[in-house]
Amino acid sequence: MMLRALVLSFLLLPSWALSRFEFEKPQMGVPFRVVLYADDKAIAESAAEAAFARVSQLNAIMSDYESDSELNRLGRSSGSGKAVKLSGELWTVLRAGEKFSRASDGAFDVTVSPYVQLWRRARRNKEMPSEESLQRARGRVGYSNMILRNGSAELKAPDMRLDLGAIAKGYATDEATRVLRRFGITRSLVAASGDMTLGDAPPGEKGWKVQLFNAAETNRTPFLVVKNCGVATSGDLFQFVEINGTRYSHIVDPRTGVGLTDRSLVTVVAKDGMTADALSTSISVLGPEKGLKLARKFGAQARETRISENGEKIDSATRGFWKKVTWIK
Ligand code: AMP
Ligand code: MG
């Protein structure tokens, strides 16, 4: 009887016995943050370490900066007429990318890299990409040139390059969360700058509080209160280059090759981090009308704030978005 009670109390550890632990490490070019609740410091540390190790493994596969990443090796095979066998992880993310490309009519496209490179240079030099360079990039972009079959990929056009900057962080926070679960940790938050995956809520709370942009400029601040989902924020409100008085975003419309010029900020709550990440970028490109429709199609909630020419803030959201929000003074 005693033993049974002991075992039970171990299994059903009261949530007040849990402590909060927080870890941070630069990964994938951004600070990765892991917040978790555990009853044991050693387990918390081992779990966080394993989660970071998983992210580092994913970075070696999906980075577009590291020349020897699996992603860049695949890029170099483009135009060779050969299909390349992929790791399970890259297959999963490219398949998802293809799904979001189709669903968004090409607004989301992991083959957008040649354009992104041009706009990265434009940011550095504060100079528009030339018409010729945009024209040259055009032939190298397009998800219909990425053929995925039986765990392999063939890039049909020569000199294609892939960029998972709009989807890999969400996948990585999902994977890190999975690793924490293997250590028995379910109450967790893994965040990679604007992309995050949330597990069960902190003890005694309804959910994790994620601060939102306050378009109303009231003295209260809106917070999402959410759990077991992904949240992503995307947009050019904070990351842009100004050339001749026009602001160009780091997000490019793959259909025109031009960096977005509307000033907007999109936040998505979706079933997981990868979905939220890809949707937030897609909605940034599509704008509120088509964008929010896309969110609904994936059962997600989304909000977009646009700043018009005269500085007016225009807020649009799916019906359920504000139901997840609490205003705190
Ligand atoms: P995010 O911050 O998640 O919106 O992702 C933005 C990053 O995704 C950019 O820095 C580019 O690396 C990449 N990217 C830009 N435009 C697109 C697009 N239309 N589709 C997919 N990826 C994009
Ligand atoms: Mg994204």
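All ligand and atom numbering here is 1-based and tracks the order in the structure. Since the structure is predicted, the reported quantities are computational estimates derived from the model, not experimental observations.
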N/O separation below 3.5 Å, Val252 to ligand 1: yes

Linked, directly or transitively: Leu180 and Leu18 (ILVMFWY side chains, under 4.5 Å): no

Close aromatic pair by centroid cut-off 6.0 Å: Tyr143 and Phe108: no

Any N/O pair Asp109/ligand 1 closer than 3.5 Å: yes

Metal site the Mg ion (ligand 2): N/O/S of Ser234 inside 2.8 Å: no

Min N/O separation Asp163 to ligand 1 under 3.5 Å: yes

contact_flag Ala278 ligand 1 heavy-atom lt 4.0 Å: no

Shared hydrophobic cluster, Val93 / Leu58 (ILVMFWY, side-chain heavy atoms < 4.5 Å): yes

Subset of ligand 1 atoms that lie under 4.0 Å from at least one heavy atom of Ile251: 4 (O), 15 (C), 16 (N)

Flag for Asp315-Thr305: side-chain donor and acceptor within less than 3.5 Å: yes

Candidate pair Phe32 and Phe23, rule ring-ring contact (aromatic ring centres under 6.0 Å, His included), full reasoning: CA-CA 8 Å; Phe32 254 73; Phe23 306 88; over 10 Å; no

Atoms of ligand 1 close to Ala107 [distance to a heavy atom under 4.0 angstrom, numbered from 1]: 18 (C), 19 (N), 20 (N)

Element-labelled atoms of ligand 1 that are located less than 4.0 Å from some non-hydrogen atom of Pro254: 19 (N)

Phe108 N/O under 3.5 Å from ligand 1 N/O: no

Close N or O approach (Ser234, ligand 1; < 3.5 Å): yes

Ring geometry between Trp322 and Trp327 (parallel below 30°, tilted from 30 to 60°, perpendicular above 60°): parallel

Under-4.0 Å salt bridge between Glu132 and Arg136: no

Worked verdict on Lys169 versus Asp277 for salt bridge (charged side-chain N to carboxylate O under 4.0 Å, His left out): CA-CA 7 Å; Lys169 290 206 291 294; Asp277 192 1; 5.6 Å; no

Proximal ligand 1 atoms for Gly165, defined as those under 4.0 Å from one of its heavy atoms: 3 (O), 5 (O), 7 (C), 8 (O)

Whether Ser284 lies under 4.0 Å from ligand 1, heavy atom: no

Presence of N, O or S from Asp277 under 2.8 Å of the Mg ion (ligand 2): yes

Where ligand 1 meets Asp277 - atom numbers and elements under 4.0 angstrom, heavy-atom basis: 3 (O)

Under-4.0 Å salt bridge between Arg33 and Glu22: yes

